[in-house]
Structures are given as C-alpha cells and as structure tokens.
Amino acid sequence: MTQLKVVVTDFEYSDLRYEEEVFNSAGITLIPAQCRTEDELITVCKEADGLLSQYAQITRRVIESLPKCKVIGRYGVGVNTIDIEAATEKGICVVNVPDYCMDEVSDHALALILTLARKIVLLNNSVKKGIWDYKISKPIYRLRGKVLGLVGFGRIPRTLAQKAKSIGFNILVYDPYISPNDAEAYGAKLVSLDELMTQSDFISIHVPLNKETYHLIGPQELKLMKPTAFLINTARGPVIDEKALIEVLLEKRIAGAALDVTEVEPIQSDNPLLKMDNVIITPHVAWYSEEAEAELRTKAAQGIADVLLGYWPRYLVNKEVMSKINLKEKEN
C-alpha cells in the first residue's frame, strides 16, 4: 500500500509535535512546508493525500491541481482561506476545529469590554507618565444593566453571554440562523441588526468571514450606534468596514473600539487606529492559550487522519460532499 502523505502547507509553531503524534499513530507521513504562493502550493502539494493549512490561500486553482487530495484541514474555526465550493466539486472534505477556543475568545472579548468600560489603558498610561488623577477617565458608567449586543450567536458568543450575564449585562443577539428560543435559552433576546446597533452599549462581533458578512458592520450600521457605545471585534477584521469605523471614531460619534483583528494583518504602521486613545488593538491573539493551541493542532490533524483512514471526520465543513464520497462512521 502506498504511504499516505499530508502536507502542512504553512505554520508558525516551533515544531509539529502534536501533528506528528496523530499522523504517526495513523501511519501517515507528515511533510512540513512554508508555502506563500499558489505556485509553491501546487508544486509542494501535488502528491498530497491531505493538506493542513494555517494562513495559506487554498484557491480553486490550487485545489484543481491536487489529483490525490481527499481532505483539506485548517488550523482554526474560520475557513475563508479555502475555496469550499471548489473542494466540494472535487469530492474533497474540508475540516476545521470549531470548538477549541470558546473560553479563550470569550474571555478575551470580555476583557476588552471591561478594559474599555473602565478605561484601563488610558489610566495605566497616564499613571506611567506621572499623572495620578482619576478625573481624566470621566465619564465611566456602571456596567450592571448595560446592554451587550452579540452579532452572531455560535459557540463563542453563547459562552460570552453566560459570562456577561453573571456581571449584570442584558444581552441582545443578532443571528439570522437561530430562533428566538435559541437566544432565550441563554437569557438573551433575538433582534434585528439595526435594533442591536441602536440599543447596545457594547457590541461584540462573532461571525465568520464570508460573502454575507464582509463589511456587515458598515457606515449605516455604525451611524446607528449610541455616542457612548463601544465596538469589539474578536472575529475577522473585514466584517467591519475599517474606513467607516475610523471615520466615526475621529468624529467621536462612538465612544471607542477594541479590535483583536484588523482588515490588514499585521496592521499597517500608518493606520489611524494606532494613534487613538479610545482604541485598543491586540495582535489576533484571542484564540490563544497553551491548552487551546495543543487542542487545535491535535484536533486539526485528527480530522485529516480520520478521512484518510476512511472515516467521516467529526468537524466536516462542507456537508454537501457527503453525496459524492463514501466514508464510514467512526466508533467512539
């Protein structure tokens, strides 16, 4: 039997020990790479039975050049870097890891909310400059009874809702794919996007990036926000129209923002957001903890190994592919 091969197309980890453990136990050869272009991907991956990618763009052109590939996996929740339609047409499973960082991202979002509300960065920077004066933070408002609007209501925002409720937030939710009962189960109320933008004191973004959500939060939505409201994004940068966000911040039409993601990453040094005292920016780190990283890498590799060993993966993104291929259910 020919040895199965999986190419890790790109990675920023110091080693691949978690992936090696999974693939070695399955009798699969792991081939590490650092591909940056379509041509590099096509050359390196042409004999691969599976791909595991971090940031590499797995385009239609790349997919159509993979004669043996049965599965493409991604380190993470979002799969906007993979052409899902092209993979499905070719009978290739796409797998991700949708449940590895629910606590980490919800904790980070809540930390950003609290930091904005209590003006921690402003006060910290002032004290370090020799200014010992709480009055520079005025006004600060009590959080209990304030409204937190969640755009998207999957695993992470549901976890955040539970945490935010415990400190007194009222929760509004916008998500066209859930029912009012889904929101009510978490003590939240399902509303339209316009209603959420108008009524919320804090708005936290938790949707994947796709054609429907690109610039979902644009000039019209931002104009609906209260002048005292804050915008938080731990999802994907392009969900917010960054140019429009910069405009409302410069004009002081909203109170501030906290972004773990930006439209261009790393953020460009001339971006006006970097000079704003009411904006917090972290380097796409919300997903990270040592435990989350180990879980992510292990589960991503396991999903690929399952497909190559003839089993349906636990986290299949393109369920439409099930009509094209024949795999077995894996016994737990």
Side-chain angles (χ1 to χ4, degrees), residues 1-11 16 18-20 22-100 154 177 208-214 296-332:
M1 181 177 174
T2 305
Q3 185 80 24
L4 294 167
K5 299 175 184 177
V6 171
V7 173
V8 180
T9 63
D10 61 303
F11 59 97
L16 293 172
Y18 299 108
E19 297 85 347
E20 287 171 351
V22 172
F23 291 135
N24 287 343
S25 66
I28 297 169
T29 299
L30 181 152
I31 302 171
Q34 292 292 1
C35 300
R36 297 288 180 258
T37 67
E38 277 187 324
D39 289 340
E40 288 177 347
L41 285 162
I42 290 168
T43 299
V44 173
C45 302
K46 61 184 177 182
E47 297 298 323
D49 299 284
L51 307 184
L52 178 53
S53 70
Q54 188 166 18
Y55 303 119
Q57 298 292 313
I58 313 300
T59 63
R60 176 175 288 274
R61 179 170 170 247
V62 172
I63 289 169
E64 290 178 348
S65 72
L66 303 172
K68 298 173 62 180
C69 187
K70 297 180 178 63
V71 56
I72 299 171
R74 181 164 187 279
Y75 290 115
V77 180
V79 289
N80 52 292
T81 57
I82 302 170
D83 190 322
I84 306 295
E85 184 178 346
T88 304
E89 289 173 9
K90 213 165 187 295
I92 297 173
C93 294
V94 176
V95 298
N96 66 343
V97 188
D99 63 351
Y100 79 100
Y177 300 102
L209 177 61
N210 54 42
K211 293 177 182 178
E212 294 178 0
T213 62
Y214 177 80
L296 166 67
R297 293 165 59 185
T298 300
K299 286 183 172 181
Q302 189 61 58
I304 291 171
D306 286 345
V307 173
L308 295 183
L309 294 177
Y311 299 104
W312 289 113
R314 183 175 181 183
Y315 307 113
L316 179 64
V317 175
N318 56 336
K319 291 182 170 53
E320 299 83 358
V321 82
M322 296 179 76
S323 63
K324 294 177 174 285
I325 58 177
N326 186 25
L327 298 175
K328 299 175 291 186
E329 293 293 336
K330 187 177 181 182
E331 295 182 7
N332 294 327

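Predicted model only: the values in this text are computed from it and were never measured. Positions are given from 1, in the same order as the sequence printed here.
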### Query
With a 4.5 Å heavy-atom cut-off, do I304 and V95 have their side chains touching?
yes
### Query
Below 4.5 Å, heavy atoms only, C-beta onward: do I42 and R61 meet side chain to side chain?
yes
### Query
To the nearest 0.5 Å, what is the distance between CZ (F23) and NZ (K5)?
14.5 Å
### Task
Can you sort out the partners of Y100 under ring-ring contact (aromatic ring centres under 6.0 Å, His included), two or more places apart, ordered by chain and number?
none
### Task
Please tell me if the side chains of L41 and S53 come closer than 4.5 Å, counting only heavy atoms from C-beta onward.
no
### Query
D49 versus V6: any side-chain heavy-atom pair under 4.5 Å?
no
### Task
Please determine, by modelled atom types, if E19 and Y75 share a side-chain donor-acceptor pair under 3.5 angstrom.
yes
### Task
Answer whether the closest heavy-atom distance between the side chains of L16 and L30 falls below 4.5 Å.
yes
### Query
How about I325 and L327: do any of their side-chain heavy atoms sit closer than 4.5 Å?
yes
### Query
So which heavy atom on P208 is nearest to which on T213, and how close?
O-OG1, 2.5 Å
### Query
Going by distance alone, is a donor N or O of one side chain under 3.5 Å from an acceptor N or O of the other, for E38 and T59?
yes
Listing, residues 63-73 side-chain donor-acceptor contacts under 3.5 Å, not counting sequence neighbours, or none:
residue, atom, partner, partner atom, Å
E64, OE2, R60, NH1, 3.4
S65, OG, V62, O, 2.6

### Task
Kindly compute the distance separating CH2 (W312) from CG (N326), expressed to the nearest 0.5 Å.
7.5 Å
### Task
Locate the shortest heavy-atom distance separating A33 from V7; write the atom from each residue and the value.
CB-CG1, 4.2 Å
### Query
Ignoring hydrogens and geometry, is there a side-chain-to-backbone donor-acceptor pair from R74 to G78 under 3.5 Å?
yes
### Query
Taking all non-hydrogen atoms of both residues, which atom of A56 and which atom of T81 are closest, and how far apart?
O-CB, 3.7 Å
## Note on the structure
With V317 as partner, the option from V94, I82, T88 fulfilling side chain to side chain contact (heavy atoms under 4.5 Å, CB included) is V94
### Summary
Output for pair (L309 CG, Q302 CD), nearest 0.5 Å, gives 8.0 Å
#### Entry: I58 side chain reached by D83 side chain, heavy atoms, under 4.5 Å
no
### Query
Can any side-chain N or O of N80 pair as donor or acceptor with the backbone N or O of N210 at less than 3.5 Å?
no
### Query
Is there side-chain contact between L316 and V321, with heavy atoms separated by less than 4.5 Å?
yes
### Query
Is there a donor-acceptor pair under 3.5 Å between the side chain of D10 and the backbone N or O of Q54?
yes
### Query
Does a side-chain N-to-carboxylate-O contact under 4.0 Å join K330 and D306?
yes
#### Entry: E329: side-chain hydrogen bond (donor to acceptor under 3.5 Å, both in side chains) partners, not counting sequence neighbours
none
### Message
Quick check for you: to the nearest 0.5 Å, what is the distance between L52 atom CG and R297 atom CZ?
### Response
10.0 Å
### Query
Is the backbone N or O of R36 less than 3.5 Å from a side-chain atom of E40, with the two atoms forming a donor-acceptor pair by type?
yes
### Task
Could you check E331 against Y311 for side-chain contact (heavy atoms from CB on, under 4.5 Å), going step by step and ending with a plain yes or no?
CA-CA 9 Å; E331 295 182 7; Y311 299 104; over 6 Å; no
